[in-house]
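Working notes for the structure below.
Chain letters run A, B, ... following the sequence lines, proteins first and then strands; every chain starts at 1. Side chains included, hydrogens not; waters and symmetry mates left out as well; all remaining heavy atoms used.
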Number of protein chains: 4
Amino acid sequence: MSRSLPAEQRRNQLLDAARMVFARDGYHRAGVSDIIEQAGVARGTFYNYFDSKRAIFHEVLVVVVDDLAGSVQPIDVGGDILAQARANVRAVLTAALDPQVARLLLAEAVGVDEEGDEVLRAFYGDAVDRIQTALELGRRLGVVREGDLRVAARCVLGMVKENVFLGALMGQQVDPDAVVDEIYAFMTQGLLKL
Amino acid sequence: MSRSLPAEQRRNQLLDAARMVFARDGYHRAGVSDIIEQAGVARGTFYNYFDSKRAIFHEVLVVVVDDLAGSVQPIDVGGDILAQARANVRAVLTAALDPQVARLLLAEAVGVDEEGDEVLRAFYGDAVDRIQTALELGRRLGVVREGDLRVAARCVLGMVKENVFLGALMGQQVDPDAVVDEIYAFMTQGLLKL
Amino acid sequence: MSRSLPAEQRRNQLLDAARMVFARDGYHRAGVSDIIEQAGVARGTFYNYFDSKRAIFHEVLVVVVDDLAGSVQPIDVGGDILAQARANVRAVLTAALDPQVARLLLAEAVGVDEEGDEVLRAFYGDAVDRIQTALELGRRLGVVREGDLRVAARCVLGMVKENVFLGALMGQQVDPDAVVDEIYAFMTQGLLKL
Amino acid sequence: MSRSLPAEQRRNQLLDAARMVFARDGYHRAGVSDIIEQAGVARGTFYNYFDSKRAIFHEVLVVVVDDLAGSVQPIDVGGDILAQARANVRAVLTAALDPQVARLLLAEAVGVDEEGDEVLRAFYGDAVDRIQTALELGRRLGVVREGDLRVAARCVLGMVKENVFLGALMGQQVDPDAVVDEIYAFMTQGLLKL
DNA sequence: GATGAATGAGGTTTCATTCAT
DNA sequence: CATGAATGAAACCTCATTCAT
């Protein structure tokens with residue numbers, strides 16, 4: 001029996017437990033029982049703070065997404081743009097390689113419900129938008145070639161995501177620096193020599 | 001009441017129904033009830049052909065994965081390698097943009113069970129292997145630059161997957177040809193001018 | 001696909017299979033599938049000969065009960081009565097120690113349905129009646145002491161049944177001759193010396 | 001909707017309901033539905049206290065077996081041994097003549113599953129052991145004749161069981177005292193006069 | 001605010017039985 | 001007469017949610 005706690009603190013306690021459980025077991029395999037056990041809280045208490053299992057999942061997702069989005073720094077045009085882009089890729093990659101984060105963003109969140117899909121859609125849409133904006137900026141600065149920059153932005157996102165995915169979900173070893181280097185090389189030289 | 005059918009045909013009828021239902025509702029939301037309703041068959045009939053919901057899902061997954069894997073042609077060194085690579089990317093992309101396929105491969109199959117994860121792991125692992133092999137071939141032929149070809153292979157896979165993902169799952173419009181063109185450009189020139 | 005057979009023969013084929021399966025697995029664990037598989041006959045064929053699983057069980061039970069009842073010889077007053085009684089006990093005991101028979105009579109048949117209970121009730125009732133009749137005969141001949149001969153008859157039946165039960169169902173080794181000897185001693189001397 | 005109850009009490013309520021239902025309908029005909037209806041409790045509540053239908057049956061069986069075993073008093077060598085044996089037989093007989101008890105011990109428990117069989121096997125095995133021990137004691141005291149005391153013990157058990165069986169299951173009227181008297185006479189004098 | 005026993009709709013699976021071929 | 005695919009009622013069990021204490 002937990003002593004009465006400030007509401008905010010109890011919520012966070014539950015959110016932390018839920019994130020861990022969802023990441024470990026996935027949304028469907030995780031039960032409310034697992035979350036409250038992890039949090040050391042009674043069943044009824046859970047429903048004092050969250051309306052449903054879906055609701056807490058949704059909140060967990062928002063937190064994770066916000067954290068990840070927050071790891072990206074806006075690009076300062078005055079500075080070394082490439083270095084900033086590199087730093088951003090590296091930051092995102094490192095944050096996303098946390099297995100908890102990866103699982104939530106890549107696997108469990110899709111298809112749970114409409115709301116969850118919307119969060120993801122917004123997140124990835126936003127990510128593509130940001131990359132595209134950066135590319136357009138680069139285009140104007142003359143450091144980005146011409147082309148369909150929206151698709152290009154998706155490609156960049158895809159390169160990052162896939163390495164996260166294979167690393168965190170498929171159990172392959174992934175070295176963030178190697179990935180950053182390779183993506184950098186890819187972006188500067190492409191892959192093929194004609 | 002369905003008439004008696006050759007076993008093979010009934011199995012396929014059920015597999016088709018299941019693929020549609022799983023793609024539409026996801027593994028967890030889909031019930032055996034939905035599958036048999038879709039197939040117009042009694043509950044018992046389902047269990048005459050498949051051991052469980054998981055079992056039919058597994059078979060659906062294998063079929064989809066095999067179809068997709070089968071759409072890739074081995075590269076003939078004698079011919080135009082780039083054209084063949086382009087054709088392969090285009091073929092996979094087109095096949096995967098089918099929303100049923102996309103949903104199964106990208107979302108629903110992850111985390112259902114160990115077996116399903118294994119099918120996916122094998123599939124994506126195999127895909128990376130093939131791309132890497134092709135890149136190594138290109139390297140020996142002198143058409144591929146140096147670098148960490150495994151990570152590069154993941155990047156290529158990621159570019160394809162992300163466009164499928166955003167197109168089929170996130171509801172953004174995706175034009176296969178634009179994607180192929182852009183990936184091609186990406187591979188030949190990179191994205192940045194230094 | 002079995003060739004067409006004389007009806008009688010097909011019935012017996014099914015009855016034999018059923019007896020074996022019921023004795024091996026028990027009524028509830030045995031499925032119609034097991035019976036037809038054992039008989040090497042199609043599912044529909046089964047229902048050409050028997051109305052239901054219960055019906056065939058009922059017939060099996062009747063056959064077994066009749067066989068066992070038939071192993072008892074009426075006592076010839078002119079001959080050695082004790083010897084005849086001994087022979088009867090021995091015959092019944094030997095027949096009943098067949099595990100198939102034992103299981104059907106002692107365990108599986110009780111509680112399957114009203115009809116089955118009726119068959120058993122009739123069988124055991126008849127057995128008690130016969131023993132009682134024999135005892136009454138003995139009483140008139142002066143070789144049986146006074147007492148409640150109905151209860152005594154039940155006791156005799158119980159002695160036999162228990163040894164069968166422990167032997168066939170509980171897996172204890174039972175030697176028919178030792179049992180006959182002991183029952184004989186029991187009947188002639190009792191167990192206690194006052 | 002039942003009010004919340006101490007766990008122990010709810011368990012017992014369910015055990016009682018289950019014993020009644022199993023005795024009335026038999027293991028296979030009884031559904032969890034019948035038990036919860038009898039107990040006036042929701043389906044989920046049942047599974048809060050027992051893992052499965054088999055599990056509760058097993059517990060019911062153990063309780064019944066323990067009760068019956070507990071009705072037997074160890075024999076005090078200092079006292080009137082025969083009287084104590086008589087009292088034991090009478091106690092067991094009376095307890096076992098309860099139709100609920102009889103049905104569970106004689107019919108429904110056999111063949112439900114391995115565990116249940118094991119409980120019965122242990123129970124009857126133990127009963128025979130105890131009787132045999134008592135007989136051996138009597139033998140040393142000189143009040144029991146020579147012979148195969150194990151078989152003799154089975155015979156005694158059989159006499160008791162058969163009268164219970166016929167009384168409770170086969171619907172014949174059974175008077176405990178008449179049975180005790182007759183078994184007593186049987187043990188002291190046997191049945192036959194030579 | 002915290003508790004946890006109780007709930008019951010809904011899921012998966014079984015298997016005796018039918019009937020068109 | 002034999003076949004076996006099809007049937008569907010009914011069984012068992014899960015787990016997100018409620019609510020009286």
statement: Contact string for nucleotides 9-14 of chain F, one letter per nucleotide 5' to 3', B = base within protein heavy-atom range under 4.0 Å, S = sugar-phosphate only, - = neither, reads B--SBB
Qualifying residues under side chain to side chain contact (heavy atoms under 4.5 Å, CB included), relative to [X], sequence neighbours excluded:
X	answer
C:Y47	C:V32
B:Q9	B:L5, B:P6
A:A42	A:T45

Can you check the [X] [atom1] to [N] [atom2] distance for me, whole Å?
X	N	atom1	atom2	result
B:I56	E:dT13	CD1	P	11 Å
B:E37	E:dT12	CD	P	13 Å
C:Q9	F:dC1	CD	C1'	14 Å
B:E8	F:dA5	CD	P	13 Å
C:I36	E:dC15	CD1	P	13 Å
C:I35	E:dT17	CD1	P	11 Å
B:F50	F:dA5	CZ	P	14 Å
A:L14	E:dT3	CG	P	10 Å

Considering just the side-chain nitrogens and oxygens of [X], establish if one lies under 4.0 Å of OP1 or OP2 belonging to [N].
X	N	value
A:Y49	E:dA2	yes
B:R10	F:dA6	yes
D:T45	E:dT7	yes

message: Could you report the tightest heavy-atom contact between A:V21 and A:A30, atom names first, then the distance?
response: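 Smallest interatomic distance, heavy atoms only, reads CG1-CB, 3.5 Å.
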message: Run the ring-ring contact (aromatic ring centres under 6.0 Å, His included) test against A:Y124 and tell me which residues pass, sequence neighbours left out.
response: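 Expected list: B:F165.
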- prompt: Would you say the side chain of B:N48 and the base of F:dA5 hold a donor-acceptor pair, judged only by whether the two atoms sit under 3.5 Å apart?
  reply: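 No such pair is found, so the answer is no.
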field: Partner set under salt bridge (Lys or Arg N to Asp or Glu O under 4.0 Å) for A:R19, not counting sequence neighbours
entry: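 Partners of A:R19 by the salt bridge (Lys or Arg N to Asp or Glu O under 4.0 Å) criterion come out as none, since no residue qualifies.
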message: Enumerate the salt bridge (charged side-chain N to carboxylate O under 4.0 Å, His left out) contacts for residues 30-44 of chain C, please, sequence neighbours excluded, ordered by first and then second residue.
response: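 Applying salt bridge (charged side-chain N to carboxylate O under 4.0 Å, His left out) to every pair that reaches into residues 30-44 of chain C, excluding sequence neighbours, yields nothing.
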- prompt: Do B:R10 and B:V41 touch side chain to side chain, with heavy atoms closer than 4.5 Å?
  reply: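 Yes, side chains in contact.
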Side chain to side chain donor-acceptor pair (under 3.5 Å) against B:E59, all qualifying residues, sequence neighbours excluded: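 B:E59: side chain to side chain donor-acceptor pair (under 3.5 Å) contacts with B:R11.
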message: From the set F:dG8, E:dT7, F:dA2, return the single nucleotide nearest to any side-chain atom of B:A42.
response: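 Looking only at side-chain atoms, B:A42 lies closest to F:dG8.
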field: Strand DNA chain F as a dot-bracket string - pairs counted if Watson-Crick or G-U with both distances under 3.5 Å, | where the partner lies in another strand
entry: .||||||||||||||||||||
